[in-house]
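Read the structure below first, then the notes.
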There are 2 protein chains.
Amino acid sequence: MATKTEIRRQELRDKLILIAERTIAHDGLSALRARDLAKDAGCAVGAIYNVFGDLTDLALAVNARTFHRLGADVAEALADAPEDPVEQLIVMAQAYHAFAAGNHLSWRALFDIERAPGEAAPDWYLQEMGQLFTYISDPLAVIFPGRDAEELALLTRALFSSVHGIVLLGLDEASAGVSTEYIDRMIALVLRQFAASP
Amino acid sequence: MATKTEIRRQELRDKLILIAERTIAHDGLSALRARDLAKDAGCAVGAIYNVFGDLTDLALAVNARTFHRLGADVAEALADAPEDPVEQLIVMAQAYHAFAAGNHLSWRALFDIERAPGEAAPDWYLQEMGQLFTYISDPLAVIFPGRDAEELALLTRALFSSVHGIVLLGLDEASAGVSTEYIDRMIALVLRQFAASP
DNA sequence: TCATTTCAATGAACGCAGTTCAATGATAGG
DNA sequence: CCTATCATTGAACTGCGTTCATTGAAATGA
């Protein structure tokens, strides 16, 4: 049964995630502080630890939502993309870039939580990642019909990592607002060049 | 004149950098603690702040040395590389990977110090980065003789970022020791494919 | 050489984090 | 309605980077 306590727990959980989401988006992961969180949520600091193991667990809950939004953005871009598989790759990669640029601090938080060495990635992470990889490998299979599954998987990972690297280093020095255009050009350059000779 | 005080200052500086280098290499940037440092160096905690503005300055001094070692490794690999420009790119990228894998925590520290938004990157960073970019753009100019300077610069940045991304995400899940081989294969795949149609 | 000034070295103390836990208060079951 | 249970509380604990009044050594000039 759903006891009164359980309901309050769930409500506090949701409220904390919402506040943490706002905090991370505005001021970054490092601005997530237990006392501020408690004040904003109208609860005691200890209450946070009844609902989350620690602040990292809360941040991971936020990351799960962020990753989900990211996946949705990429999926939407793919749905509106032309049929040409190379253009599909470019559109998705630029959607990835647009999300990272428009949600910079939230996106950074996705990678700024280091899990202990040897610890497996969370399930939702693998899930969403697998979805993204499918979006990529489908057009790749059209572009490179001769390659076997293992090579396609390697290509998929490699391309995702490449786009991620371009966006990561590009946004790092995006103090001037100039670089957004350059990042999109780099993405298109790499992907077009990459797919030019099947 | 070199006063006794200045000599002691310099000696302490060097000793602290050495200890910090060891600490970061063994246990990562987050293991750099003022009190441990002082104990290991045989000085008071306050003495650290006579020589470095704060612990970040010390970590940056370590990073400068790490980046220099990285540049030297890549340069050495390039010196031993065959004449074919594509192979040169691959050899350098794999040397980058080898350095990152063999100096994982030190290499991570290069990117884990976030500078304040709007703040320019340190001079030594731009210097070494420019050197690396030259190593890349030279073979690229041979592979793509038709492209103009701006496009070559963009290609250079894009390729560096791509390799960086492949190594970064690859090493992240290198809990199992399997992935080293996969990372090298992804690098070769991307670079060969990229350079296949000039 | 010695007196005096100057400035480096010290480490206890400060502020600010995350996290804990004994005391308190509300809730669920009889 | 009573009572056992368990959630909630916030002061206290720990550990961190950093500071600063005090101490002591080094440089300076007579």
Side-chain angles (χ1 to χ4, degrees), chain A residues 1-17 19-24 26-63 105 108-109 112-116 119, chain B residues 1-24 26-63 105 109 112-116 119:
Chain A
M1 68 182 141
T3 68
K4 228 175 201 174
T5 307
E6 277 170 36
I7 290 171
R8 245 210 321 253
R9 267 179 78 95
Q10 190 57 50
E11 281 174 355
L12 181 59
R13 237 190 106 84
D14 293 348
K15 196 193 285 185
L16 285 173
I17 291 177
I19 295 170
E21 209 164 15
R22 223 175 0 97
T23 305
I24 291 175
H26 274 200
D27 302 316
L29 184 61
S30 63
L32 203 66
R33 270 177 283 270
R35 285 169 181 78
D36 294 351
L37 220 48
K39 183 177 286 185
D40 288 0
C43 71
V45 278
I48 299 170
Y49 294 86
N50 294 332
V51 175
F52 292 100
D54 55 24
L55 285 194
T56 299
D57 281 358
L58 171 54
L60 285 173
V62 173
N63 276 356
L105 294 174
R108 286 297 307 230
D112 282 352
I113 300 178
E114 48 187 328
R115 48 180 200 284
E119 192 181 356
Chain B
M1 68 181 144
T3 69
K4 228 174 201 175
T5 307
E6 277 170 35
I7 291 171
R8 248 212 316 259
R9 268 178 78 95
Q10 191 57 48
E11 281 174 355
L12 181 60
R13 236 189 107 84
D14 294 348
K15 196 193 284 185
L16 285 173
I17 291 177
L18 216 77
I19 295 169
E21 209 164 14
R22 223 174 3 96
T23 305
I24 291 174
H26 274 200
D27 303 317
L29 184 60
S30 62
L32 203 66
R33 269 176 284 270
R35 284 168 182 79
D36 293 350
L37 222 45
K39 183 177 286 186
D40 288 0
C43 70
V45 279
I48 299 170
Y49 294 87
N50 293 333
V51 175
F52 292 100
D54 56 23
L55 285 193
T56 299
D57 281 358
L58 171 55
L60 284 173
V62 173
N63 276 356
L105 294 174
D112 282 352
I113 301 178
E114 48 187 327
R115 47 180 202 285
E119 192 182 355

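We use all heavy atoms of the structure for the numbers below, so side chains are in, but hydrogens, waters and symmetry mates are not.
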Spacing of [X] atom [atom1] relative to [N] atom [atom2], expressed in whole Å:
| X | N | atom1 | atom2 | answer |
| --- | --- | --- | --- | --- |
| Arg33(B) | dG17(D) | CZ | C1' | 12 Å |
| Ile7(B) | dA26(D) | CD1 | P | 12 Å |
| Leu12(A) | dT8(D) | CG | P | 7 Å |
| Lys39(B) | dC16(D) | NZ | P | 11 Å |
| Leu29(A) | dG18(C) | CG | P | 11 Å |
| Arg9(B) | dT6(C) | CZ | P | 19 Å |
| Arg8(A) | dA26(C) | CZ | P | 10 Å |
| Leu32(B) | dC16(D) | CG | C1' | 12 Å |

**Report entry** Qualifying residues under salt bridge (Lys or Arg N to Asp or Glu O under 4.0 Å), relative to Asp112(A), sequence neighbours excluded
**Finding:**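 In terms of salt bridge (Lys or Arg N to Asp or Glu O under 4.0 Å), with neighbours along the sequence ignored, Asp112(A) is linked to Arg108(A).
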With a 4.5 Å cut-off on side-chain heavy atoms, are [Y] and [X] touching?
| X | Y | value |
| --- | --- | --- |
| Leu55(B) | Leu37(B) | yes |
| Tyr49(A) | Leu58(A) | no |
| Leu12(A) | Phe52(A) | no |

Donor-acceptor list for residues 28-35 of chain A side chains, cut-off 3.5 Å, not counting sequence neighbours:
| residue | atom | partner | partner atom | Å |
| --- | --- | --- | --- | --- |
| Arg33(A) | NE | Asp36(A) | OD2 | 3.3 |

Requested in this report: Give one of base, sugar-phosphate or nothing for Leu37(B), where a contact means two heavy atoms less than 4.0 Å apart.
Outcome: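 Here Leu37(B) touches no strand at all.
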**Report entry** Sub-4.0 Å heavy-atom contacts from residues 49-61 of chain B onto DNA chain C, ordered by number
**Finding:** Asn50(B)
Query - Sequence neighbours excluded, every pair satisfying side chain to side chain donor-acceptor pair (under 3.5 Å) that has a member inside residues 54-63 of chain A - result: none
Pairs under 3.5 Å (N/O, protein and nucleotides 11-14 of chain C):
| residue | atom | partner | partner atom | Å |
| --- | --- | --- | --- | --- |
| dA13(C) | N6 | Arg35(B) | NH2 | 3.3 |

Report task. Using modelled atom types only, decide if a donor and an acceptor are shared between the side chain of Gln10(A) and the backbone of Ile7(A) within a distance under 3.5 Å. Result -> no
Query raised in the report: So which heavy atom on Arg13(A) is nearest to which on Val51(A), and how close?
Result: CG-CG1, 2.9 Å
Query raised in the report: Which residues pass the side chain to side chain donor-acceptor pair (under 3.5 Å) test with Asp40(A), sequence neighbours left out?
Result: none
